[in-house]
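Working notes, structure below.
First the proteins, then the strands, lettered A, B, ... as listed; each starts at 1.
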Amino acid sequence: MGALNLAEWQKLPITLTELCINTTLRCGQSFRWRKADTGVWSLALQNRIISLHQDPQYLYYRSIPPSTLLSPPTPPASHPPSVLEDGPDDTLELLKHYLNVEPDLSKLYAQWSASDANFARRAPDFTGIRILRQPAWEALVGFICSSNNNISRISQMIHKLCSNYGPLLGYLEEVAYHDIPEPRALAGPGVEGKLRELGFGYRARYIAETARMVAEKPEGWLDSLRNPEAPVFGGKMGSAGKWSPSGREGYREAHEELLTLQGVGPKVADCVCLMGLGWGEAVPVDTHVWQIAQRDYKFGKGKHASLTKATYDAVGDKFRSLWGQEAGWAHSVLFTADLRAFSERLVAKKEEVKEEVVVKTEDHAEGGAEIVAEVVERKVKVVKREIKREAEVDEATLVLLEESKRRSKRRRQA
DNA sequence: GATCATCCTGCCAG
DNA sequence: ACTGGCAGGATGA
């Protein structure tokens with residue numbers, strides 16, 4: 001069980017410039033992927049467990065159907081074999097759909113860079129960031145949890161939601177993999193209380209209430225809000241309508257509909273439009289993006305001094321007219337660049353506290369970064385912090401810095 | 001239409 | 001050991 005059976009892995013040729021899973025899977029658009037110590041990413045999706053890892057030329061993938069994962073408490077004869085187990089493996093098609101590999105990212109980056117000098121300046125260190133096509137309901141639940149929250153805690157909450165209410169698909173490396181619970185599963189009485197126990201805070205009511213609302217809508221209501229050009233897996237493609245700087249009509253309608261749900265404001269609605277419904281022009285404006293808009297795009301003064309509803313729309317319109325139909329994709333690149341900058345600012349802050357850590361980053365074979373950190377003492381117990389090749393400091397570095405900080409804290413307490 | 005307090009929790013800094 | 005401030009927002013007044 002422990003070792004990876006390499007024979008099972010298949011590969012898909014794709015460059016890191018076209019897709020970088022280490023960035024894409026943890027830049028805050030999906031909260032269910034788990035990364036093992038081996039560097040392999042795994043997720044329960046569509047009745048199977050998918051695993052991924054990557055090198056500069058290939059994306060390696062593996063799919064395990066539930067029948068091989070669950071030791072059967074149910075007698076095998078009692079249930080007929082599913083189509084999935086018998087039919088041709090559609091995992092490659094599912095993956096290509098989920099990872100949204102169709103759009104030519106290099107071409108898009110070039111296009112955004114040509115029309116925006118700021119994008120051209122920021123983007124080169126953040127290639128391969130792609131908007132996933134995750135299920136709309138999953139996106140909705142995840143982003144309702146995102147208010148006043150951080151990626152780490154959102155992931156923990158979603159994990160608890162799944163392990164308490166979601167269907168168990170199987171085990172991988174001793175870890176249980178659950179899918180997202182259906183709205184119906186969260187619509188019953190007592191859900192809000194339970195979610196509060198699980199640490200959801202005021203978002204517990206939002207989840208329970210929205211689940212009830214969605215469950216009462218006609219079947220397929222949420223997916224009816226999709227971009228017809230980005231149908232559900234296996235669905236038929238339609239036409240998305242005419243482009244305008246405020247977005248296509250279908251996008252605006254979807255956004256408006258989502259606003260009727262509990263705990264869904266403009267920002268969460270845009271997250272769901274972009275990452276759950278396939279509307280590439282949706283631009284979620286959170287505090288980070290608002291800061292970017294002020295710093296680099298002259299917002300924050302005069303008519304748009306604060307982030308009101310009107311300003312929110314103006315920021316989106318500005319980015320849509322600047323970047324075009326896939327503005328939300330470009331926005332995610334700058335957003336992710338800002339996430340990394342956040343870790344740099346944190347470190348810079350530490351310097352003022354007269355602490356310094358030497359952090360070396362080296363290219364890893366898999367395109368990620370292997371980070372080695374050591375703490376050095378100087379002079380009168382003054383520890384300095386320094387970042388080398390700061391362009392490569394990412395969230396992993398932040399995590400590592402926090403770990404070393406905890407370690408030194410423990411040492412001090414001891 | 002814009003502003004503001006409030007909401008849960010976990011984490012950190014003072 | 002305690003406490004105020006804050007984090008990728010939404011809601012109601």
Side-chain angles (χ1 to χ4, degrees), chain A residues 26-31 129 139-161 192-210 213 255-256 258-275 282-295 300 302-316 328 331-343 345-355 395 398-399 401-410 412-413:
Chain A
R26 63 172 181 192
C27 68
Q29 54 174 314
S30 67
F31 306 102
I129 298 173
L140 178 54
V141 173
F143 290 110
I144 286 177
C145 292
S146 74
S147 74
N148 269 335
N149 217 339
N150 55 66
I151 295 173
S152 165
R153 187 173 162 222
I154 299 166
S155 301
Q156 289 174 29
M157 287 162 64
I158 293 301
H159 178 243
K160 284 181 184 170
L161 186 78
E192 178 184 344
K194 178 65 175 175
L195 292 181
R196 281 185 183 273
E197 281 176 32
L198 293 173
F200 279 64
Y202 60 86
R203 304 163 198 87
R205 186 169 56 82
Y206 294 163
I207 298 290
E209 198 56 35
T210 288
M213 293 173 80
H255 192 266
E256 197 180 337
L258 290 170
L259 289 180
T260 65
L261 302 172
Q262 274 302 303
V264 179
K267 186 264 181 184
V268 169
D270 270 323
C271 285
V272 177
C273 281
L274 177 64
M275 299 166 217
V283 178
V285 182
D286 56 27
T287 58
H288 277 220
V289 175
W290 173 234
Q291 282 172 18
I292 293 171
Q294 294 175 88
R295 187 188 62 206
K303 177 87 183 78
H304 300 302
S306 66
L307 187 50
T308 64
K309 174 64 178 137
T311 303
Y312 183 99
D313 292 338
V315 172
H331 136 282
S332 294
V333 175
L334 293 193
F335 172 80
T336 305
D338 207 57
L339 268 188
R340 183 186 292 197
F342 178 64
S343 78
R345 281 200 297 277
L346 258 191
V347 171
K349 226 174 172 180
K350 297 301 168 200
E351 278 183 320
E352 295 167 18
V353 193
K354 294 172 184 171
E355 284 186 325
E395 197 185 325
L398 179 60
V399 170
L401 284 173
E402 284 171 352
E403 278 173 5
S404 86
K405 198 160 56 187
R406 284 200 194 95
R407 278 197 299 274
S408 60
K409 193 172 184 177
R410 277 198 290 273
R412 269 176 308 213
Q413 285 170 341

Answer whether the closest heavy-atom distance between the side chains of A:His255 and A:Asp270 falls below 4.5 Å.
-> yes
Partners of A:Tyr206 by ring-ring contact (aromatic ring centres under 6.0 Å, His included), sequence neighbours excluded?
-> A:Tyr202
Proximal nucleotide (of C:dG9, C:dG8, B:dA2) relative to the A:Ser147 side chain | C:dG9
Under 4.0 Å from any atom of DNA chain C, heavy atoms only: list the residues of residues 258-266 of chain A that qualify, in numerical order.
-> A:Leu261, A:Gln262, A:Gly263, A:Val264, A:Gly265, A:Pro266
In whole angstroms, the gap separating P of B:dC11 from CD1 of A:Ile151 amounts to 16 Å
With a non-hydrogen cut-off below 4.0 angstrom, is A:Asn149 in contact with a base, only sugar-phosphate, or nothing?
-> sugar-phosphate
Polar side-chain atom of A:Ser332 near backbone of A:Gly328 as donor-acceptor pair, under 3.5 Å | yes
Assess whether one donor atom and one acceptor atom, taken from the side chain of A:Asn150 and the base of C:dG8, lie less than 3.5 Å apart.
-> no
For residues A:Ile144 and A:Val264, determine if any side-chain heavy atom of one lies less than 4.5 Å from a side-chain heavy atom of the other.
-> yes
Distance in angstrom units between A:Ile144 CD1 and C:dG8 P, rounded = 19 Å
A:Val289 versus A:Lys267: any side-chain heavy-atom pair under 4.5 Å?
-> no
Taking atom P of C:dG8 as reference, at what distance in whole Å does atom NZ of A:Lys267 sit?
-> 10 Å
Any side-chain heavy atom of A:Thr210 within less than 4.5 Å of one from A:Leu140?
-> yes
Calculate the interatomic distance between A:Leu339 atom CG and C:dA7 atom C1'; express it in whole Å.
-> 12 Å
Enter the distance from A:Phe143:CZ to A:Leu258:CG here, rounded to the nearest 0.5 Å.
-> 12.5 Å
Quick one: A:Phe31 CZ to C:dA7 P, roughly how many Å, whole number?
-> 17 Å
Counting a pair only when it is Watson-Crick or G-U and both distances are under 3.5 Å, which runs of at least 3 such pairs involve DNA chain C?
-> B:3-7 with C:9-13, B:9-14 with C:2-7
Pairing residues for A:His304 by the side-chain contact (heavy atoms from CB on, under 4.5 Å) criterion, not counting sequence neighbours = A:Phe299, A:Thr311, A:Ala314
Side chains of A:Asp338 and A:Arg295: closer than 4.5 Å at any heavy-atom pair?
-> yes
Separation between the P atoms of C:dG9 and B:dG1, rounded to whole Å | 23 Å
Could you check A:Gln156 against A:Asn148 and say which one's nearest nucleotide on DNA chain B is further toward the 5' end?
-> A:Asn148
Scan A:Ile154, A:Leu161, A:Val268 and name whichever one has a side-chain contact (heavy atoms from CB on, under 4.5 Å) with A:Cys145.
-> A:Ile154
Here the distance between atom C1' of C:dG9 and atom CZ of A:Phe143, to the nearest Å, is 13 Å
Using whole Å, report how far CG of A:Leu274 lies from P of C:dG8.
-> 18 Å
Euclidean distance, atom CD of residue A:Gln294 to atom C1' of C:dG8 [Å, nearest integer] = 15 Å
Rounding to 0.5 Å, atoms CD (A:Gln29) and OG1 (A:Thr336) come to a distance of 8.0 Å
Rounded distance in Å between the C1' positions of C:dG5 and B:dA5 = 16 Å
Report the distance from atom CE of A:Met213 to atom CD of A:Glu209, rounding to the nearest 0.5 Å.
-> 6.5 Å
Between residues 195-208 of chain A and DNA chain C, which residues have a heavy-atom gap below 4.0 Å?
-> A:Tyr202, A:Tyr206
With the criterion being N/O to N/O and under 3.5 Å, what pairs connect the protein with nucleotides 3-6 of chain B, and how long is each?
from, atom 1, to, atom 2, distance (Å)
B:dT3, OP2, A:Ser306, OG, 2.5

Contact check, side chains of A:Leu339 and A:His288, non-hydrogen atoms, under 4.5 Å | yes
Distance between the P atoms of B:dT6 and C:dG8, in whole angstroms?
-> 22 Å
Taking only the side-chain nitrogens and oxygens of A:Lys303, find out if one of them lies under 4.0 Å from OP1 or OP2 of B:dA2.
-> yes
Are any of the side-chain heavy atoms of A:Met275 and A:Ser30 separated by less than 4.5 Å?
-> no
Could you tell me whether the side chain of A:Arg203 and the main chain of A:Phe200 form a donor-acceptor pair under 3.5 Å?
-> yes
